[in-house]
Amino acid sequence: MKNLLQFICIGIFVLETYSCKEDRFVSSSMLTPEENRAVKSKITRSIPTGMNGRSVQIDPAFIDNIGKVSPEQLVEDLKRTGVNSVHYTVAEYWDGTQNDKLLRPNYLQAIKNSGIKIWLMLLGNCIYGNAIPGGDGWKMELLDPSSIDNTTHLYSFHNKDYVDWQAERIKNILNKANKYSNIFDGIEFAESYFPEWETIDAQSPKKRFYGDVSKSTIDQFADKYFIPKQNLTFETIKKNTIYYKQWVEFRSDAVINFNQQMKKAINEANPNIYFAAWGIGIKGGNLAGIKEYFGLDMRRIISTVNPDVFFIQTSSQDWSKDNLPSNYAIDYKYILDSIKLGNPTIPIGIQGDVVSSYHDKVTGNLDGSAVARPANWWLGFMDYTLSNGYATATFYEYNLTKKYGFWLPSNNINLNYKIRAFKDTIISSDYINFDPQTFNIVDRKPGYWYKIQTASQYKWIKLE
């Protein structure tokens, strides 16, 4: 027995030593005993069934870009593709008061009336288009300010006034006098992180897309850790091992605080509204690196904030790849497994991007070929993720996807990829000759299978 105990102790020591070598900031990334007890003592509340399954982002600013699709047509498109929820994405400046021009309430109400659940998606670290009035002092400073264009305004989680402004607009949105107050089922803040992956030591100045390194933030850091402010810069912090480790914690604390304050504001305004926190995924990355570069300690967000849902956003480093396979989420398994280990009850969502890369290329904002991700790609993305541990899957973005012909077609099957029709969901050489015609989808199965009703019969089709 004594020898057995010694063997177990040695084994534990070896495992812990190995873990420390693998994770640079393991002491803060791993759940502490206190955090672990806290997680187990407060089980995440259940979300409505409609917030599971397929979902899509809808940016109301793009609605007119595709020929003014009617509210009824939008709902029909969502229903036909099995979408249970939408992420209504407002990326422009909005203070949360009534703004029908921006919010398009006729579309919101049509979605609501259809029974589809609605997340209001706001952005945590930025505003696109017009800046926040009077908010210039709230902005992040990047290592190279020219890395950002003049239509993207990045704001710092270290600035209390900015965090308070975000909390205040939640209260404006959920104010009972606001016509939108009963529309939304949940509120979330995507992109609640600091920029950006592995850009601290980038060689090209315009790739040094890293923040916030402003004097006010560095002064706060110095005050928190009792460091002399004289001649303290980010470069001196980076070169000092102790300072830099503290800096990584300092950034992580700010993101945690932001999420806590947003959840608090929602609960105070309307405790029936769900709150989703967002992280990020990197192919070939690791949790310590994501924490270091983005300020995202995802395990700690789960344990400390305890959101109702946690979403893993696909990084631009991944969605911008032309050859990204639809099952790429397999490379985010290290995040999924870690979160589930810390809190097995929390629903995990994933966000992909179907159209940004294509849109940027065809509009001349990116070099290279414009690679299409049509319906078979994003259906495969959803089929894979929903079958492999994720409660819900969404992608960016409905209007642009439809504009470029990547949405599942409505009436006539006139697609750019092969269509074969079968008597059952079994591929064989004996398939039915199929001409495009009016149809209704009556069932669907994983693997791009759709059972359709034509004028004459039922049959299964497979998108290839």
Side-chain angles (χ1 to χ4, degrees), residues 55-78 83 85-112 114 116-133 135 148-155 165-166 169-170 172-173 178-181 183-192 276 278 311 313-314 316 319 351-366 373 378 394-407:
S55 180
V56 68
Q57 289 179 247
I58 298 176
D59 188 333
F62 291 144
I63 284 177
D64 289 339
N65 288 354
I66 55 173
K68 295 186 177 180
V69 168
S70 69
E72 294 74 22
Q73 177 63 56
L74 181 140
V75 169
E76 181 182 333
D77 281 345
L78 299 178
V83 164
S85 67
V86 300
H87 297 259
Y88 212 70
T89 307
V90 180
E92 301 178 28
Y93 167 73
W94 177 41
D95 65 359
T97 57
Q98 288 184 195
N99 185 335
D100 289 355
K101 182 178 180 181
L102 176 63
L103 270 290
R104 312 298 291 268
N106 52 335
Y107 288 86
L108 272 173
Q109 195 61 57
I111 298 170
K112 186 74 173 179
S114 74
I116 292 173
K117 300 295 182 182
I118 306 176
W119 287 98
L120 171 63
M121 176 186 282
L122 304 171
L123 301 184
N125 66 12
C126 68
I127 298 288
Y128 290 99
N130 295 324
I132 300 172
I148 197 77
D149 60 64
N150 59 11
T151 62
T152 305
H153 310 281
L154 287 164
Y155 296 96
W165 178 82
Q166 288 276 29
R169 72 166 170 164
I170 285 176
N172 289 339
I173 293 164
N178 193 326
K179 68 179 352 177
Y180 317 127
S181 62
I183 290 287
F184 303 112
D185 299 284
I187 296 179
E188 60 196 342
F189 285 84
E191 302 189 9
S192 295
W278 280 63
F311 280 90
Q313 180 175 345
T314 297
S316 61
W319 62 248
Q351 182 259 8
D353 196 313
V354 167
V355 76
S356 289
S357 182
Y358 186 91
H359 177 68
D360 286 344
K361 287 174 181 177
V362 299
T363 55
N365 294 322
L366 278 180
R373 290 178 183 156
W378 56 261
T394 190
F395 67 87
Y396 185 87
E397 182 272 343
Y398 164 78
N399 294 290
L400 294 177
T401 301
K402 192 169 177 68
K403 175 182 179 179
Y404 292 117
F406 301 159
W407 195 258

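Defined by atom type and a distance below 3.5 Å, a donor-acceptor pair is missing between the side-chain atoms of N178 and S181. No side-chain donor from either of E191 and W278 sits under 3.5 Å from a side-chain acceptor of the other. Side chain to side chain, Y404 and N399 fail the donor-acceptor criterion of an N or O pair below 3.5 Å. Between the side chains of T394 and Q351, not a single donor N or O lies within less than 3.5 Å of an accepting N or O.
The 12-atom threshold is exceeded at CG of N106, counting heavy atoms of other residues, nucleotides or ligands nearer than 6.0 Å. Heavy-atom neighbours of Q98 CD from other residues, nucleotides or ligands within 6.0 Å: above the threshold of 12.
Under the 3.5 Å distance criterion, the side-chain polar atoms of Q166 are matched with a main-chain donor or acceptor of L123. A distance-only check finds a donor-acceptor pair linking the side chain of S192 to the backbone of F189 [under 3.5 Å]. At distances below 3.5 Å, at least one donor-acceptor pair connects side-chain atoms of H153 with backbone N or O atoms of G129. No donor-acceptor pair under 3.5 Å is formed between the side chain of Y180 and the backbone N or O of P105.
For the side-chain hydrogen bond (donor to acceptor under 3.5 Å, both in side chains) test, residues two or more places apart in sequence or in another chain that qualify with D95 are T97.
The distance from the OG1 atom of T152 to the OH atom of Y128 is 5.0 Å, given to the nearest 0.5 Å. With rounding to the nearest 0.5 angstrom, the CH2 atom of W165 is 10.5 Å from the CD1 atom of I170.
Here the shortest heavy-atom pairing between P60 and L103 reads CB-O, 4.3 Å. For the residue pair D360 and T363, the shortest heavy atom distance occurs at O-OG1, 3.3 Å. Between S114 and I111, the shortest heavy-atom distance links the atoms OG-O, 2.6 Å. Residues Y155 and C126 approach most closely at CD1-CA, 4.3 Å, considering heavy atoms. Contact record, R169 with I127: NH2-CD1, 4.2 Å, taken as the closest heavy-atom pair. Here the closest non-hydrogen pair linking K112 and I183 is NZ-O, 3.0 Å.
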Could you please spell out the steps behind the side chain to side chain contact (heavy atoms under 4.5 Å, CB included) verdict for E397 and T89?
-> CA-CA 9 Å; E397 182 272 343; T89 307; 5.9 Å; no
Verify ring pair (Phe, Tyr, Trp, His ring centres under 6.0 Å) between W407 and Y398, making sure each step is shown before the conclusion.
-> CA-CA 8 Å; W407 195 258; Y398 164 78; 5.0 Å; yes
Can you list the steps and then say if Y358 with T401 is a side chain to side chain contact (heavy atoms under 4.5 Å, CB included)?
-> CA-CA 10 Å; Y358 186 91; T401 301; over 6 Å; no
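Here W119 and Y88 keep their ring centres 6.0 angstrom or further from each other. You'll find the ring centres of Y396 and H87 outside the 6.0 Å limit.
Side-chain contact between V69 and K402 is present, with at least one heavy-atom pair separated by less than 4.5 Å.
Salt-bridge check for D64 with R104: passed, with a basic side-chain N closer than 4.0 Å to an acidic carboxylate O. Residues D353 and R373 are not paired through a salt bridge, judged by the lack of any N-O separation under 4.0 Å between the basic side chain and the carboxylate.
Taking the six-membered ring for Trp and thresholds of 30 and 60 degrees, F62 and H359 have ring planes inclined between 30 and 60 degrees apart.
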